[in-house]
Every structure is written in structure tokens, then in C-alpha cells.
Amino acid sequence: MSSSAVPSPTPALPHHLPAAGLAVVAAGLLAGLPAALGDLGALAAVLVLQLALVLSWVLATGMQGFAASLTVGTAAAVAADLAVVLPEEPVLGGLLAVLGVGFLAAVLQQMLRFPRHDLVDSLAGSAVLLTAVGALAALLLLARSDDGRLVTTALVAGAALLVGHLTDQVLPRPQLAPGVPRGLTGAVLAVLAGAATAWAVRDLAGLGQLRALALGGAVAGIVALVAVAGSYLAVETTAEGEAEALSPWAPTVVQVVLPFAACAPVALGLLTVL
């Protein structure tokens, strides 16, 4: 970690403001659709985020075997959702079977293509993608137990992303890594914003004041850390120019949806314990 000013190859405006706006949209989907349509709304919101992540991840990372990678990712997203929606008493462990079969399918898809350029990188990208779409399905477990828990998680994650990006838009200091426009100030304020949001909406999930602060801080901390990783990816793909040529929004979608995926199992575990 360095506090020295290092020029970033990614301009601040397109890096932060679109991601901040998209974070509001994603949080609104997860909080609004279940309130309007119940379980069907929760499923629709999660599926939209999953499919957006599949497409944007394949584009942003340059995974080989474009159509086949999209097919495997989409099938894994649908299977993960069904594993949560169909059983009478679903558990998070049920997603392990989906991840296992999905990874085998990804390995076969990558091994059968020819020529096999960037095989290891594409397999690694497939593993991360399958894990992320499976993690997003954990949000459906929150919705099945109590819509207020899903809404709380969505608002906390959205607030952390929004405050982190807006802060780094104006003050990306002390800079966390050379060339990446993310600062420690934004990460700290993102955690505080998440904790404050959880405290403000604590009645939705039936939490006390201290438990709400603990939940908000933990979820927002995960979101802030993964958001920095998303910025690494955005900087890398923007510098290479490949993702920008295909879709300028692909890195932005990854920046937003990946943190939601990372915090979903954490929120589920904490809300179960708390």
C-alpha cells in the first residue's frame, strides 16, 4: 500500500461514476423486486445479476471459447437458482453439487476447443465465474427466510459500493496500489456507510443496534475489498483495450456484481447466527 500519487491508466470519471450508478440499480433490483413480486421478484433480480455477470466476465477476462463459456455460465446460474428454489428446505451446501458439475463442464469445454490458447487462464476464469454465480444464489436463501434480510443485504452492499466509488472519484488516497484509482479513505468510508445503513434499516431484518452494526460492517468490508479487486480487473482490461472494444460496460458490471456475489454467503451466515 502506498500513499504516493501514481498516475492511473484509467480515467477517474468512467471508472467510478458508472459503477456508482450501477450499484444503485443493482441494490434497487434486489430490494425492490422482492417487495413488489415476492419470491418471483427475488428470483428475477438474482437471475438478472447472474446473467449480467456471466456475459461481462467472459467479455472482460477474454475467456476463450466465447459461446461455450456463456453457455456453461448461464447453465450454472440457472442450476444454482433451481437448487435453492425447488427444495422444501434448501441449504447452502446444495450449491456444491452445482459447482462440481459446472467445473467439470468448464474443464471439458476448455479441453475440447482447438486451438487451446490461454487454457489455464480460461479455466481459472471459469472457476471464479462459477463460484460467483453460485454465491449470488445465496441471496435467494435470504429471500426465502425473510425478505427483510435480502433487502438489508442489498442496501448495505449498495451503500458501500456507492460511497466507496464516489469517495475515490474525488479522493483516491492513500492509494492502495499503483495504477488503480482506489484509496484507503474510500474503503474505510464504504465500511462505515454499510454499518450505518444496516443500523438505519435494522428493523427490516429484526436486528438490534449492535448486531446491525456488526452485520453492516462485515458485509461492507467484504464489498469494499472485492470492489478493489474489481477495479484491478477494470484497469487491466481497459489498458489492454479488448473488453472496451467489445463492450465498455463489461468491466463496470464486474466491478459492481462481483462484490454483491462475494458478500452474499457472508450475509447469509451472519444473519443465520445473529
Side-chain angles (χ1 to χ4, degrees), residues 25-59 61 63 65-110 112 122-123 125-154 157 205 219 222 226 253-254 256-272:
V25 173
L29 280 175
L30 290 173
L33 284 184
L37 302 174
D39 291 341
L40 182 60
L43 177 60
V46 170
L47 188 57
V48 166
L49 293 185
Q50 287 172 319
L51 296 182
L53 180 60
V54 169
L55 177 59
S56 60
W57 182 265
V58 173
L59 286 172
T61 59
M63 287 173 57
F66 179 78
S69 296
L70 287 182
T71 301
V72 171
T74 301
V78 173
D81 293 346
L82 292 178
V84 173
V85 171
L86 293 182
E88 288 289 335
E89 296 182 3
V91 293
L92 190 61
L95 295 173
L96 293 177
V98 175
L99 294 178
V101 174
F103 184 69
L104 287 176
V107 170
L108 287 175
Q109 176 252 317
Q110 291 296 330
L112 291 176
S122 293
L123 281 174
S126 296
V128 174
L129 177 60
L130 294 173
T131 303
V133 297
L136 282 169
L139 295 172
L140 295 174
L141 288 172
L142 290 173
R144 287 196 61 161
S145 60
D146 182 359
D147 282 348
R149 294 185 172 192
L150 175 58
V151 172
T152 299
T153 302
V219 170
I222 297 297
V226 179
V253 173
V254 172
V256 172
V257 182
L258 198 60
F260 274 95
C263 77
V266 175
L268 177 62
L270 289 175
L271 284 167
T272 300

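Position 1 is the first residue of the sequence; numbering continues from there.
Ser69 places a side-chain heavy atom less than 4.5 Å from the side chain of Gln110. Side-chain contact between Leu139 and Leu136 is present, with heavy atoms from C-beta onward closer than 4.5 Å. With a 4.5 Å cut-off on side-chain heavy atoms, Leu129 and Val54 count as touching. By the 4.5 Å heavy-atom criterion applied to side chains, Leu95 and Leu92 are counted as neighbours. Side-chain contact between Leu271 and Thr153 is present, with at least one heavy-atom pair separated by less than 4.5 Å.
Distance check: Arg149 CZ to Leu141 CG gives 11.0 Å after rounding to the nearest 0.5 Å. Note that the CG atom of Leu40 and the CG atom of Leu33 stand 9.0 Å from one another [nearest 0.5 Å]. Here Leu47 contributes atom CG and Leu29 contributes atom CG; the two are 11.5 Å apart, rounded to the nearest 0.5 Å. For the atom pair CG of Leu82 and CG of Leu43, the computed distance is 8.0 Å after rounding to the nearest 0.5 Å.
When all heavy atoms are compared, the tightest approach of Pro34 to Leu150 is CG-CD2, 3.6 Å. Heavy-atom minimum distance, Ala27 versus Phe260: N-CZ, 4.0 Å. The two atoms that bring Leu99 and Leu130 nearest to each other are CD2-O, 3.1 Å, heavy atoms only. Looking at every heavy atom in both residues, Ala83 comes nearest to Val98 through CB-CG2, 4.0 Å. Nearest heavy atom pair, residue Asp81 against residue Gln50, reads OD2-OE1, 2.6 Å. Closest approach of Ala261 and Ala135 over heavy atoms only: O-CB, 3.2 Å.
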Show, in sequence, the C-alpha distance, side-chain angles and deciding distance for Ile222 and Val226, and conclude whether the side-chain contact (heavy atoms from CB on, under 4.5 Å) test is met. CA-CA 6 Å; Ile222 297 297; Val226 179; 4.3 Å; yes
Apply side-chain contact (heavy atoms from CB on, under 4.5 Å) to Val257 and Trp57, showing your working. CA-CA 10 Å; Val257 182; Trp57 182 265; over 6 Å; no
For the pair Val266 and Leu270, evaluate side-chain contact (heavy atoms from CB on, under 4.5 Å) and give the outcome as yes or no after the intermediate values. CA-CA 6 Å; Val266 175; Leu270 289 175; 3.9 Å; yes
Applying side-chain contact (heavy atoms from CB on, under 4.5 Å) to Val253 and Leu53, what does each step give before you reach the verdict? CA-CA 7 Å; Val253 173; Leu53 180 60; 5.5 Å; no
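Of the possible polar contacts, one joining the Arg144 side chain to the Val85 backbone as a donor-acceptor pair under 3.5 Å is found.
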